[in-house]
There are 2 protein chains.
Amino acid sequence: MKELIAKYREKGFKLTPQRLAILKFLNGNTSHPTAEDIYSNIKKIYPTVSFATVYNTLQTLKDKNEILEITIDPQKKHYDPNIKPHHHIICIECNTIGDIFEDYSEALRLPDYIAMEFKPVGSHVDFYGLCIKCQKKERRKRQ
Amino acid sequence: MKELIAKYREKGFKLTPQRLAILKFLNGNTSHPTAEDIYSNIKKIYPTVSFATVYNTLQTLKDKNEILEITIDPQKKHYDPNIKPHHHIICIECNTIGDIFEDYSEALRLPDYIAMEFKPVGSHVDFYGLCIKCQKKERRKRQ
DNA sequence: TATTAAATTAGAATTATTCTAATTTAGATA
DNA sequence: TATCTAAATTAGAATAATTCTAATTTAATA
């Protein structure tokens, strides 16, 4: 956490307690929280925190390339503090998101006809499926 | 268009003029319209059409597997009448979406550790990049 | 310690989407 | 062809996610 603080101060971040709480919450978090998730967690410690602060901080972190915004859930955005390029799988039942650390970039070549229209800068694979919990629920239902 | 009508009537669709206009608009459309795009287009012909009708029809079409909902633009959903599985590339400047007809499924194997947590049912690749128009704009800016 | 640019806040505004409940209508049936 | 009814349409309200506003506070520097 010490390094975290040093790191953000270095980047010109003004380190407020709210912001620090958000950073702490995100640090190493693999649950892909939404803004709402972050807000309600921080609110426990700083009951006056506002959504604006959460969104502002997320925006700043995005701008500084410290978090990824994940567009895989049709309902809302999720955030991921792991900025190493990776992919995701979302459960079509409960929307749980899992991380996939696998480099598919070699295989993901664009066909020529589209390379003429777009210059790619990156790619991301959305897998969708059923998480283990929802698989079990499905099985129970079917019996 | 004749077949289109027959096809939907077969499926138990009640064919109202508004709905028909939506079907017509979507048929063969590769622009990945949003609900708003569809609404404003239909409104030209049926000025009293409501968003509810557009969303209802989209929902029905989704249920009947006649269109795909695309979650690639963080701002809103896009719709695609091409239900053949394919992938997309979105311009990070103007949000234009292009289709990529390429089967990557062989390459997109899930690593074991995640296959234990999720049973995959599908996948979709989001490419992001710059469309040709925005590439040109960028070049102009840089000069 | 004073200064100030940046951050926080409550709450309003905006945008996308969904819901409601009254009305209309397509298509089946008599 | 007229009647019936379940399904579709509508205006507008409601909801949910996100962004904006403008007044206030504060972290970090000088």
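Here is the naming used below: chain letters follow the sequence lines, and residue numbers restart at 1 for every chain. What you are looking at is a predicted structure, and each value in this text was computed from that prediction instead of being measured.
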Legend entry - Polar contact flag, side-chain donor to acceptor under 3.5 angstrom, A:D80-A:H88: yes
Atom pairs, N/O to N/O, protein against nucleotides 1-6 of chain C, distance under 3.5 Å?
residue	atom	partner	partner atom	Å
C:dA6	N3	A:K14	NZ	2.9

Legend entry - Presence of B:T53 side-chain N/O under 4.0 Å of D:dA8 phosphate oxygens OP1/OP2: no
Inset, instruction - Keeping the roles fixed (side chain from B:Q135, backbone from B:L130), state whether a donor-acceptor pair exists under 3.5 Å. - result: yes
Legend entry - Heavy-atom pair with the smallest gap, counting every atom of A:M116 and B:I132: O-CD1, 3.2 Å
Inset, instruction - Starting at atom CG of A:L15, determine the distance to atom C1' of D:dT25, rounded to an integer number of angstrom. - result: 16 Å
Inset, instruction - Report, as yes or no, whether the 6.0 Å neighbourhood of atom CG on A:D63 holds more than 12 heavy atoms from other residues, nucleotides or ligands. - result: yes
Legend entry - Contact pattern, 5' to 3', of nucleotides 11-24 of chain D - B, S or - by protein heavy atom under 4.0 Å: B-----SBBB----
Legend entry - Integer-rounded Å distance: D:dA28 P and A:L20 CG: 9 Å
Inset, instruction - Mind checking B:P17 for me? I need base, sugar-phosphate or nothing, with any heavy atom below 4.0 Å counting as a touch. - result: sugar-phosphate
Legend entry - Ring centre gap for B:Y104 and B:H87 strictly below 6.0 Å: yes
Legend entry - Short side-chain donor-acceptor distance under 3.5 Å, A:H78 and A:N95: no
Inset, instruction - Examine distances only and state if a side-chain atom of A:N56 and a backbone atom of A:A52 form a donor-acceptor pair shorter than 3.5 Å. - result: yes
Legend entry - Whole-Å gap separating P (C:dA16) and CG (B:L58): 15 Å
Legend entry - A:T53 and A:Y55, any side-chain heavy atoms less than 4.5 Å apart: no
Inset, instruction - Enter the distance from A:L20:CG to A:I22:CD1 here, rounded to the nearest 0.5 Å. - result: 10.0 Å
Legend entry - Spacing between B:Y46 atom OH and C:dT24 atom P, to the nearest angstrom: 18 Å
Inset, instruction - Measure from CG on B:D73 to C1' on C:dT15 and round the result to the nearest Å. - result: 13 Å
Inset, instruction - Let me know the distance between CG of A:L23 and P of C:dA7, rounded to the nearest Å. - result: 12 Å
